[in-house]
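Have a look at the structure below, then the notes.
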Amino acid sequence: MTTQAGKKPKKNFPSKTPKHGARYVAAHGVREVLVDGTPLDLALSGQALFAQLERRDRAFARLIAATVFRRMGQIDKVLAPFIKKTPTDYAQAVLRTGAAQILFLDTPAYAAVNGSVALLRRSKKTAHMAGMANAVLRRVTEQGKDLLSKTTTLDNIPDWLQLSWTKSYGAEACQKMADILILEPPLDLTTKPNISGPRGDMLPGDTIRLAKAGDVRELAGYKEGGWWVQDVSAALPIRLLVNSLGCLKNKRVLDMCAAPGGKTLQLAAEGAFVTALDKNEDRLKRVRENLERTGLSATLAFGDALKWRDPENKNGRGFDIVILDTPCTATGTYRRRPDVLHNKKPADIDSLVRIQEKLLLAAARHVAPGGTLIYCTCSLQMQEGEEQITKFMLNRTDFRHNSLLGIEDLGVAESVTSEGILRVLPHFMHEKGGMDGFFVAMLSCS
Ligand SMILES: C[S@@+](CC[C@H](N)C(=O)[O-])C[C@H]1O[C@@H](n2cnc3c(N)ncnc32)[C@H](O)[C@@H]1O
């Protein structure tokens with residue numbers, strides 16, 4: 001990561017111009033996502049200046065950067081006619097963040113142009129590009145809306161993903177998936193069974209949907225721990241499990257890639273004895289914090305799932321239920337994390353597919369005879385979902401697809417294949433704000 005986390009920015013921004021600070025953080029964050037593949041959250045919060053910004057300026061920085069990633073194809077099409085020479089990565093990030101403000105954020109044009117130009121003037125290394133940025137962004141101010149009208153939301157989906165999604169789900173679905181990308185997603189909360197949360201839209205499966213994501217710590221009931229943040233899709237695997245198997249009370253469950261713990265919390269709230277395993281210590285800490293806040297309990301295990309042995313498994317029997325919510329490209333989460341569309345490459349899929357294959361075999365080893373294995377992923381790429389399960393089932397005749405019961409209650413019955421595999425896409429529930437793309441297979445061990 002090239003952002004100098006922990007180091008002071010060279011010059012502090014005068015407090016009279018706080019928006020400059022937000023623009024600086026946004027432009028550096030955008031550059032870092034694209035050059036180093038850092039997730040946007042980290043590329044922003046890893047900058048020393050970010051912590052010094054007022055809360056509303058941090059929100060502005062996030063909004064600018066997220067808008068760039070929601071609209072990058074359209075922004076680039078508007079900028080292209082005015083750029084004569086390929087700019088440096090940072091200058092390009094400044095142009096994109098400036099154009100995002102002018103075209104989509106209702107920032108007064110003079111503020112967006114002057115603010116962007118000032119970012120380049122700050123350093124000797126970039127000052128020579130300030131004149132170019134001034135000229136380009138002034139032309140965006142004058143002609144941008146016209147040029148924008150000739151673009152479409154599909155421009156914002158990188159070509160390789162358009163091809164992949166069109167092949168997997170069809171052109172119409174791909175267009176709808178592009179249409180939902182440009183919208184700010186709502187905030188979903190999962191509640192403990194029979195506990196109410198803040199007032200919002202009730203979605204099938206007891207998710208509360210709030211129209212606007214704000215600071216969750218300020219929402220009613222946060223301290224009491226009756227709910228946690230979890231997209232309606234991410235909650236589906238455990239809801240399917242409960243509907244299909246009935247009560248989970250006292251079941252021994254292994255949540256094999258558990259952090260930050262959404263599914264562990266759901267399982268613990270259903271009365272299961274959960275072992276939450278993850279190989280990332282910082283992320284595992286978040287599971288602990290979430291358990292503490294919600295007053296739920298689970299056994300935390302730090303380790304690599306490929307090597308982990310269950311210390312409790314004295315009789316060699318295994319777990320009643322194993323959940324593998326596998327590490328993946330996370331392309332299905334692009335409504336909340338639009339940067340995933342731009343910091344992932346086709347080669348990332350190949351290496352993840354190999355890891356997922358090994359994790360799935362490792363997960364299968366922990367399932368007790370008669371037990372259940374759930375494989376799920378928030379990737380939209382079929383190689384990480386459907387194709388993984390097809391390969392697994394070819395070699396493992398001791399597993400069969402479980403019939404999914406009570407699926408109608410979850411509002412996704414039409415998304416289940418004849419084999420009992422669930423695949424939801426981001427534009428489903430479009431009128432309510434969509435849902436993360438998700439894949440779930442539930443298998444039984446003989
Ligand atoms: C998709 S996230 C899991 C989300 C989680 N199940 C939830 O519902 O909140 C994938 C997790 O897998 C973990 N992970 C990746 N490789 C792993 C491995 N070999 N062993 C254990 N955990 C791993 C990552 O640290 C990450 O926390």
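These numbers come from the heavy atoms of this one structure, side chains and all, not from hydrogens, waters or symmetry mates. Remember, it's 1-based here, ligands and their atoms both numbered in the order they're listed.
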Output yes when the distance from some N or O of ligand 1 to some N or O of [X] is under 3.5 Å, and no in every other case.
X    : result
K279 : yes
A305 : yes
D278 : yes
D255 : no
L277 : no

How far is [atom] from its nearest protein heavy atom, and which residue and atom name does that atom have?
atom                    : value
atom 8 (O) of ligand 1  : K263 NZ, 2.9 Å
atom 15 (C) of ligand 1 : P327 CG, 3.5 Å
atom 19 (N) of ligand 1 : D304 OD1, 2.9 Å
atom 4 (C) of ligand 1  : A259 O, 3.1 Å
atom 12 (O) of ligand 1 : C257 CB, 3.2 Å
atom 10 (C) of ligand 1 : D325 O, 3.7 Å

State the atoms of ligand 1, each with its element, that fall below the 4.0 Å cut-off from a heavy-atom position in [X].
X    : value
G261 : 7 (C), 9 (O)
N280 : 25 (O)
T326 : 1 (C)
G262 : 7 (C), 8 (O), 9 (O)
A258 : 5 (C), 6 (N), 7 (C), 9 (O)

> Can the ring centroids of Y24 and H28 be said to lie less than 6.0 angstrom from one another?
Replying inline: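 Close enough - the centres of the two rings lie under 6.0 Å apart.
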> Which bit of C328 gets closer than 4.0 Å to ligand 1, counting heavy atoms only: side chain, backbone, both or neither?
Replying inline: neither
Can [X] be said to touch ligand 1, with heavy atoms closer than 4.0 Å?
X    : result
T377 : no
A234 : no
G303 : yes

Has [X] got its NZ or CZ under 6.0 Å from the middle of the six-membered ring of [Y], at an angle within 45 degrees of the ring axis?
X    : Y    : answer
R365 : W308 : no
K251 : F273 : no
R423 : F438 : no

Look at atom [atom1] of [X] and say whether more than 12 heavy atoms of other residues, nucleotides or ligands are closer to it than 6.0 Å.
X    : atom1 : answer
D159 : CG    : no
D41  : CG    : no
E414 : CD    : yes

